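This report refers to the structure that appears directly beneath it.
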Amino acid sequence: QIGAMQGEETGRAGQPNVVLFLRDLTSAKRLEAMRVDFVANASHELRTPLASLLGFVETLQGPARNDPAARERFLAIMRVQALRMTRLIDDLLSLSRIELRAHVPPTQAVEVVPLARQIVESLGALARERGVALALEAEPGPQVLGDRDEILRVIENLVENAVKYGGEGGRVEVRVARLPGQEGGPPQVEIAVRDEGPGIAPEHLPRLTERFYRVDAASSRQQGGTGLGLAIVKHILNRHRGRLLVESEPGRGATFRALIPAHAGQAGPPAPPPGG
Ligand code: ADP
């Protein structure tokens, strides 16, 4: 059937309806290929820690049976592997939940600065551990029409990446600001996260939000990364009609900027009190 349609296309080149059909087919094929890739990647990511766990279980049942010191050491490694699998499954579930809601516009009026403050506080310990100075710069007020937990997740993933990959002893700056609309577009709330780490080479930038894409797989795994953080960010921003912009000059850090349309019910700074 499809072969016949393609044959027809070669016979009557340039007919827009046939070309459209083929284009749809290509995108359906591309989607299918992406799905197959995703399942293969996810299985591989789960299989690696699982194989390691199984290996340790067998060692504990056999050679290390009567070696208490080895047992403690192996159990500690097994715990890390089990936690890694848990994180991966949690991220996969988050992604699929966000995708399920992709076409349901979020409706809560969400104040962004308190969420940024919450994340800066909760990641304070990790930052201190790495000697990273984590700072928030924001004027209270900006609101978006959104999903509170999802916005929290965007900020968390971006700040955690900046702390993880931003290099020991550097500075990470989180900024929240309401920007005027450009070219007739609505005003935007910007969440910008800047680090002073090694940055990201330009050829990686367009692929960062792909599931399981990592610039340096070993370093990501060592940091406990799943390779899904920025994919989750992208899906959440899509649902909020927002955008993610990344700027980086290798050697001089990276800036990730999430832009989300400001809550329309919030026209700007509050009006002065009447009679004032
Ligand atoms: P991961 O779980 O590996 O952190 P992400 O999707 O959050 O996955 O990020 C994808 C990759 O992008 C990371 O593995 C890392 O290589 C790179 N990356 C993300 N944020 C930064 C950053 N601030 N500086 C340098 N590289 C980064």
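Keep in mind that the numbers below use all heavy atoms, side chains included, and drop hydrogens, waters and symmetry copies. This structure is a prediction, so every number in the text was calculated from the model and none was measured. First listed ligand is number 1; within each ligand, the first listed atom is number 1.
In the hydrophobic clustering of ILVMFWY residues, with side-chain heavy atoms under 4.5 Å counting as a link, Ile151 and Leu237 come out together. No path of Ile, Leu, Val, Met, Phe, Trp and Tyr side chains, each step under 4.5 Å between heavy atoms, connects Tyr165 with Val132, placing them in separate hydrophobic clusters.
The closest non-hydrogen atom to atom 23 (N) of ligand 1, taken over Leu88, Asp195, Val233, comes from Asp195. Residue nearest to atom 27 (C) of ligand 1, selected from Ile200, Leu228, Asn161: Ile200 (by heavy-atom distance). Comparing Phe212, Phe256, Tyr165 by heavy-atom distance to atom 4 (O) of ligand 1, the nearest is Tyr165. Between the choices Leu205, Leu230, Thr209, the shortest heavy-atom distance to atom 5 (P) of ligand 1 belongs to Leu230. With distances taken over non-hydrogen atoms, the option nearest atom 1 (P) of ligand 1 out of Ala254, Gly227, Gly197 is Gly227.
Close contacts between ligand 1 and Asp216 involve ligand atoms 16 (O) [criterion: under 4.0 Å to a heavy atom]. Close approach to Arg214 involves these atoms of ligand 1, each under 4.0 Å from a residue heavy atom: 3 (O), 14 (O). Atoms of ligand 1 lying under 4.0 Å from at least one heavy atom of Tyr213, given by number and element, are 10 (C), 11 (C). Set against the non-hydrogen atoms of Lys164, the atoms of ligand 1 under 4.0 Å away are 4 (O).
Under the side chain to side chain contact (heavy atoms under 4.5 Å, CB included) test applied with Ile155, the options Val159, Asn157, Leu158 reduce to a single match, Val159. For the side chain to side chain contact (heavy atoms under 4.5 Å, CB included) with Phe256, the lone residue among Leu230, Asn161, Val154 that qualifies is Leu230.
For atom 3 (O) of ligand 1, the closest non-hydrogen atom on the protein side is Ser220 OG, 2.6 Å. Remark: minimum distance from atom 17 (C) of ligand 1 to any protein heavy atom is reached at Val215 CG2, 4.0 Å. Looking at atom 12 (O) of ligand 1, its nearest protein heavy atom turns out to be Leu208 CD2, 3.5 Å.
Comment: Glu150 does not engage Arg153 in a salt bridge, judged by the lack of any side-chain N to carboxylate O separation of less than 4.0 angstrom. Residues Asp37 and Arg211 are not paired through a salt bridge, judged by the lack of any N-O separation under 4.0 Å between the basic side chain and the carboxylate. Ion pair Glu196/Arg171 not flagged as a salt bridge, since none of the NZ, NE, NH1 or NH2 atoms sits closer than 4.0 Å to an Asp/Glu carboxylate oxygen.
Taking CD of Glu32 as the start and OG of Ser27 as the end, the distance is 12.0 Å to the nearest 0.5 Å.
The shortest separation from a heavy atom of Arg221 to ligand 1 is not under 4.0 Å, leaving the residue out of contact. Heavy-atom distances between Asn157 and ligand 1 stay at or above 4.0 Å for every pair.
In this structure, a donor-acceptor pair under 3.5 Å is absent between the side chains of Arg194 and Thr255.
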